[in-house]
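Below, read A as the first sequence line, B as the second, and so on, with proteins coming before strands; counting in each chain starts at 1.
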4 protein chains.
Amino acid sequence: MESDTGSRRGAPRSEQTHLAILDAAASQFQERGYANFTIEGVAAQAGVGKQTIYRWWPTKTDLIAECLLDGRLFPERLSIPNTGDLHTDVVDWVSQVFELIRRPAGRGLVTSLIAAATANEQIGERLRETLGGRESVVARLSAGVEAGQLSPAKPITELAEALVGALLLKALGEGRTESGDAVRLVDALLT
Amino acid sequence: MESDTGSRRGAPRSEQTHLAILDAAASQFQERGYANFTIEGVAAQAGVGKQTIYRWWPTKTDLIAECLLDGRLFPERLSIPNTGDLHTDVVDWVSQVFELIRRPAGRGLVTSLIAAATANEQIGERLRETLGGRESVVARLSAGVEAGQLSPAKPITELAEALVGALLLKALGEGRTESGDAVRLVDALLT
Amino acid sequence: MESDTGSRRGAPRSEQTHLAILDAAASQFQERGYANFTIEGVAAQAGVGKQTIYRWWPTKTDLIAECLLDGRLFPERLSIPNTGDLHTDVVDWVSQVFELIRRPAGRGLVTSLIAAATANEQIGERLRETLGGRESVVARLSAGVEAGQLSPAKPITELAEALVGALLLKALGEGRTESGDAVRLVDALLT
Amino acid sequence: MESDTGSRRGAPRSEQTHLAILDAAASQFQERGYANFTIEGVAAQAGVGKQTIYRWWPTKTDLIAECLLDGRLFPERLSIPNTGDLHTDVVDWVSQVFELIRRPAGRGLVTSLIAAATANEQIGERLRETLGGRESVVARLSAGVEAGQLSPAKPITELAEALVGALLLKALGEGRTESGDAVRLVDALLT
DNA sequence: GATTAAGCGAGACGGTACGTCTTGTCTTTAC
DNA sequence: GTAAAGACAAGACGTACCGTCTCGCTTAATC
């Protein structure tokens, strides 16, 4: 259904430039965080005119959203394991996220993502899936239901959302977590 | 040897000015949101020099934090009811929050608070208590345990945090809620 | 050699803006004097962003210097006459300057120029020529030497400088001049 | 140091403060120049409240004027010698001033004085006497007239003013002087 | 081939807000 | 009773970015 078959008159969009901007944006976001992220900084690092960025992304959150969708903001993807034991798997994953949040750099990355979400609802929507994220958690919980380790009566989507929400709230604070926190959180939700 | 107990030499801090600034700050925060909140705007509305603000609050998030602590950012406090029926009470409260989040104005207030929290960990910490908030939710859940409506085995703090986190995550998105969402969420956590 | 002169890449400097700034600067200087001359005032009157001024003139004295060079600060140029009689011509001119200095407005203009000169050596250098100024005085004195009305032994540049300096010193005071002052000053120097 | 002889009329403590302010003002003026001279800096260095300064001197130029009158701004007084040979004496003195003006520090002091004069006519008036200064120059020239080294027909005041004015004009520029300048200037005026 | 429309780099522009500095007044407390 | 210490309103300073707008290139598709 290629609506306009690329048969426009002028020069086509440069894919090289496109990627240079995304790379620079992701790099700036990780180095400086959302608060100090500037279009001028991205343009400078990408070796690009500002107008080239504004031509394709109306706001800076749109640019960040594309980076997020491309998976450029999570170099190390936190995936939830599946060893067959639901409770252990979820505890392991939560512990991993706690570990990320404990380090200022990791916490900074998460709070920057949340900050971006507060400025752009689409990022907010995507964050639930990508953060850790909902999709995989929902999948893991579903598998747990099928394996008889979780009651079919439990609303899985809400459970996943509550889990991710709890982590997010932790990240907004000082990130202090004690041993046992992960277990307690999972107990609260999955028992 | 009156070391420093209020016996400093110069003029003391003007309480009138202090309050004028807090009032203006809260007003600006509610009207314009965190993103468009400016120190200059607060100074102008309060009829105050900028330096007077910078003297007492090093950053704008410190100013916002004090407003939050003073309860100036929640004119209409969302308190959790206690009719004796835990499940119904929590569902009612969650519905109330959903109602707030559905309206752009209410959602804007919440996302502004989250944005402020991403810039200042103290605000993050306080947000859990004040947002709706944890303290009261924890209290209500405790009462439920005593009334035999909730298993004593459940870790209450984690439960409350998951509940608030889920609401917060909702607010970051487009705020769409369907009837039944509140019930499902409470079922997921309290059953 | 067209290496980079004409082939600069970005948008060229707007001559319209350039002139608007110079006009506004001259106007502000004349109206408010050096002490109350502000970049913000110039920017506002010119309808221009402050950064546009700072881009081209690093300090406010550089801006004033350019106005001076453009002759924007002396709407009514005080030129020294040449009727053939050196002594009378110089006395007339000195009287004219005394007249200017007697009025607070005129004296304010001159002291403002001197104030600018104290902040910027280039302005100081230019002031000697432009004030009234040295160049024309030197020329008139030279003509006097050729006409045999002034000894060729006299160092003309120094004579002119002493003359202008005396006027300047007068302007720094209260500007009181009595009839006969002009004649006495010229007698002191040209006899 | 005259600590407290309670039996005299005035308030001894007040005089101490008065002097501390003048000392601090002179010190600040010499160290930082007129442009960076601040009342707060003087108050801090003198260990005095700002109001104490404002009480006695309505503007900062009044404070500077008093320092000038007290001779606090010229630690090394440039006095004009009297060896009996007028021409040589004046040349020596002019050379001394040129020497002062050649060094940026010395030139800065002079331009600061001129700047103060542009802001306060009384300072301007006093500057003529104090700068180098007129009084002594006039006295030396008068002695020269009596010694028959200068024509009685020459208006001495105007001559002195032209001389000081020429030096002042030199100080406003880049301060470059060549050998012979002093002689040429004196020749221009005294021959 | 010539024309023409777009992409692109560079960067000037009118603005807003920043956080700092200084001014001159006002207000307590200490000596 | 005089001042020190210092809070305060006002507003200019110079900087950083914003988002828009030329410029003079470089590409392609259309004529």
- Can you tell which of F/dA28, F/dC17, E/dC8 lies closest to the side chain of A/S14? E/dC8

- Message: Between A/T61 and A/F37, is there a side-chain heavy-atom distance shorter than 4.5 Å?
- Response: no

- Options E/dT20, E/dA17, F/dC18, nucleotide nearest the side-chain atoms of A/Y54: F/dC18

- Task: Tell me whether the OP1 or OP2 atom of E/dG14 has a side-chain N or O from C/T17 closer than 4.0 Å.
- Result: yes

- Would you mind telling me which residue lines up with the more 5' stretch of DNA chain E, C/G47 or A/I21, judged by nearest nucleotide? A/I21

- Pairwise 5' ranking along DNA chain F for B/E40 and B/G10, keeping only the more 5' one: B/G10

- Message: Let's go through B/R72 and B/D23 carefully: what are the C-alpha distance in whole Å and the side-chain angles of both, what is the deciding distance for side-chain contact (heavy atoms from CB on, under 4.5 Å) to 0.1 Å, and is it a yes or a no?
- Response: CA-CA 8 Å; B/R72 284 187 149 78; B/D23 284 347; 3.1 Å; yes

- Task: Look at all strands and tell whether C/R32 reaches a base, only sugar-phosphate, or nothing, counting heavy atoms closer than 4.0 Å.
- Result: nothing

- Query: To the nearest Å, how far apart are D/H18 NE2 and F/dA4 P?
  - Reply: 13 Å

- Message: Taking the six-membered ring for Trp, are A/W56 and A/H18 closer than 6.0 Å centroid to centroid?
- Response: no

- Message: E/dG9, OP1 or OP2 - any side-chain N/O from A/T52 closer than 4.0 Å?
- Response: yes

- Which nucleotide in the list E/dA6, F/dC18, E/dG9 gets nearest to the side chain of A/R8? E/dA6

- In whole angstrom, what separates B/I39's CD1 from F/dG11's C1'? 17 Å

- Note on the structure: Regarding the side chain of B/V48, the nearest nucleotide among E/dT23, E/dT20, F/dA9 is F/dA9

- Among the nucleotides F/dA28, F/dA4, F/dT22, whichever has the atom closest to the side chain of C/A11 is F/dT22

- Message: Regarding A/G41, tell me which of base, sugar-phosphate or nothing describes its non-hydrogen contacts under 4.0 Å with the strands shown.
- Response: nothing

- Task: Would you indicate whether D/Q122, at its atom CD, is surrounded by more than 12 heavy atoms from other residues, nucleotides or ligands within a distance under 6.0 Å?
- Result: no

- Query: Distance check: side-chain N/O of A/R9 vs OP1/OP2 of F/dA29, anything under 4.0 Å?
  - Reply: no

- Query: If you find the nucleotide of DNA chain F closest to B/E15 and the one closest to C/P58, which residue's nucleotide is nearer the 5' end?
  - Reply: B/E15

- Can you tell me the distance, in whole Å, between the CG atom of A/L19 and the P atom of E/dC8? 12 Å

- Query: So, is C/K50 close to the F/dG14 phosphate, meaning a side-chain N or O under 4.0 Å from OP1 or OP2?
  - Reply: no

- Query: Out of F/dT20, F/dA3, F/dC8, which nucleotide sits closest to the side chain of B/R13?
  - Reply: F/dC8

- Residue C/R55, side-chain atoms from C-beta onward, closest of E/dG15, E/dA12, F/dC13: E/dA12

- Within 6.0 Å of CD in B/Q16, more than 12 heavy atoms from elsewhere: no

- Message: Nearest to the C/T38 side chain among F/dC13, F/dA28, F/dC18, which nucleotide is it?
- Response: F/dC13

- Between E/dG14 atom C1' and C/Q16 atom CD, what is the distance in whole Å? 13 Å

- For atom NZ of D/K60 and atom P of E/dC21, their distance in whole Å: 16 Å

- Task: Tell me whether the OP1 or OP2 atom of F/dA7 has a side-chain N or O from B/W56 closer than 4.0 Å.
- Result: no

- Item | Non-hydrogen atoms of D/A117 and D/L127 that approach each other most closely | CB-CD2, 4.0 Å

- Task: Would you confirm whether D/S112, through its side chain, and D/G33, through its main-chain N or O, come within 3.5 Å as a donor-acceptor pair?
- Result: no

- Could you state the CD1-C1' distance from B/I53 to E/dA17, rounded to the nearest angstrom? 13 Å

- Quick one: the side chain of D/Q51 and the base of E/dC26, do they pair up donor-acceptor inside 3.5 Å? yes

- Note on the structure: To the nearest angstrom, the CH2-C1' distance between A/W57 and F/dT20 comes to 18 Å

- Rounded distance (Å) that lies between atom C1' of F/dC17 and atom CG of B/N36: 15 Å

